[in-house]
Amino acid sequence: KNEVEQSPQNLTAQEGEFITINCSYSVGISALHWLQQHPGGGIVSLFMLSSGKKKHGRLIATINIQEKHSSLHITASHPRDSAVYICAVTDTDKLIFGTGTRLQVFP
Amino acid sequence: GAVVSQHPSRVICKSGTSVKIECRSLDFQATTMFWYRQFPKQSLMLMATSNEGSKATYEQGVEKDKFLINHASLTLSTLTVTSAHPEDSSFYICSARRQGGFLDEQFFGPGTRLTVL
């Protein structure tokens, strides 16, 4: 079993839909990251959080430390949100990556 | 702020040649840089951790003589794939930890796609 599990693996949505991607982890962590990887591979760090909730534009990330679970929400999704979203946790000073969720948003 | 660049973004080479990939922190000093490899449709895998001025620490299964890492300054780390073979074709990504920043925080470069013919 992977230490970081994401669901769903693949997700398609119509433009404007509300999207949720989930991440569960089994190790003790000091922080959790949400990363976005566009086709072509470049990675952008969206959020780093260790508790509570963060919001940036249409993106919201939450974490529940007790349940070892985090969610990434995208409101009013847009085709340009199409990408792979990766959850990663920091265990000591190393990142442990989930396998990613491939999101496609259709106009 | 906190921009990391990689050069080149894409490289195609013949089998047996060596390829150098640069990772630079453009607007901050990076005490630690990380090198990752990502095969198609797979997750990122940490290859090695490099600290400025000291030898890199390689993950299990990564050949240090094949993947030479040099972290000569607080803004530059290089990864050299020596005698590259087709199985080394992959997407190589670096990240950097900012000096004085949170231990948990890493800033990612855009990646380098290596194709070995």
Side-chain angles (χ1 to χ4, degrees), chain A residues 1-11 21 23-52 54 56 61 63 65 70 83-104, chain B residues 1-11 21 23 25 28 30-51 54 56-60 62 89-99 101-115:
Chain A
K1 192 176 188 297
N2 292 333
E3 292 168 304
V4 181
E5 298 268 0
Q6 283 184 240
S7 63
Q9 286 189 314
N10 294 284
L11 183 57
I21 300 170
C23 175
S24 297
Y25 53 92
S26 58
V27 295
I29 69 166
S30 53
L32 183 142
H33 305 253
W34 281 103
L35 310 171
Q36 181 190 54
Q37 187 173 27
H38 277 289
I43 288 181
V44 174
S45 181
L46 298 175
F47 295 103
M48 183 184 77
L49 63 165
S50 53
S51 65
K54 285 190 177 180
H56 186 254
I63 187 169
I65 297 293
S70 175
V84 175
Y85 291 84
I86 303 169
C87 170
V89 300
T90 306
D91 176 18
T92 59
D93 63 348
K94 292 182 181 176
L95 281 172
I96 304 172
F97 295 91
T99 51
T101 295
R102 187 173 301 274
L103 170 66
Q104 283 188 293
Chain B
V3 177
V4 175
S5 71
Q6 279 185 242
H7 178 80
S9 58
R10 191 177 294 268
V11 58
I21 302 169
C23 175
S25 56
F28 66 98
T31 48
T32 304
M33 287 185 170
F34 303 86
W35 286 96
Y36 298 90
R37 180 168 53 185
Q38 185 183 37
F39 291 108
K41 297 189 178 179
Q42 293 188 28
S43 189
L44 290 150
M45 298 294 294
L46 179 65
M47 299 175 67
T49 302
S50 77
N51 292 294
S54 62
T57 303
Y58 290 81
E59 294 300 300
Q60 195 170 14
V62 178
S89 298
S90 187
F91 191 61
Y92 292 88
I93 301 167
C94 74
S95 70
R97 178 182 293 155
R98 184 163 43 185
Q99 186 178 43
F102 296 108
L103 283 178
D104 305 322
E105 195 172 39
Q106 293 185 27
F107 301 96
F108 287 84
T112 296
R113 186 162 301 283
L114 170 64
T115 303

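For clarity, every value in this text was computed on a predicted model and none was experimentally measured. In what follows, chains are A, B, ... by sequence order, proteins preceding strands, each numbered from 1.
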Side chain, backbone, both or neither: which part of B:Gln38 has a non-hydrogen atom closer than 4.5 Å to chain A?
-> side chain

Is B:Leu44 close to A:Ile43 at the side-chain level, that is, under 4.5 Å between some pair of heavy atoms?
-> yes

Is atom CD of B:Glu59 surrounded by more than 12 heavy atoms (other residues, nucleotides or ligands) closer than 6.0 Å?
-> yes

Side chain, backbone, both or neither: which part of A:Leu35 has a heavy atom under 4.5 Å from chain B?
-> side chain

For B:Ser25, the side chain to side chain donor-acceptor pair (under 3.5 Å) test, sequence neighbours excluded, returns none

Check whether any side-chain N or O of B:Ser43 sits under 3.5 Å from a backbone N or O of A:Gly98 as a donor-acceptor pair, and report yes or no.
-> yes

With sequence neighbours left out, write down each residue that passes ring pair (Phe, Tyr, Trp, His ring centres under 6.0 Å) with A:Phe97, or none if nothing qualifies.
-> B:Tyr36

Between the CE atom in B:Met45 and the CD1 atom in A:Ile96, the distance rounded to the nearest 0.5 Å is 10.5 Å

Any chance you could measure A:Gln36, atom CD, to B:Phe108, atom CZ, to the nearest 0.5 Å?
-> 13.0 Å

Given side chains that start at C-beta, do those of B:Phe91 and A:Gln37 come closer than 4.5 Å, heavy atoms only?
-> yes

Are there more than 12 heavy atoms of other residues, nucleotides or ligands under 6.0 Å from atom CZ of B:Arg113?
-> yes

Considering only heavy atoms, which portion of B:Ile93 lies under 4.5 Å from any heavy atom of chain A: side chain, backbone, both, or neither?
-> side chain

Heavy-atom pairs under 4.5 Å with chain A, option from B:Gly111, B:Pro110, B:Gly109 with the top count = B:Pro110

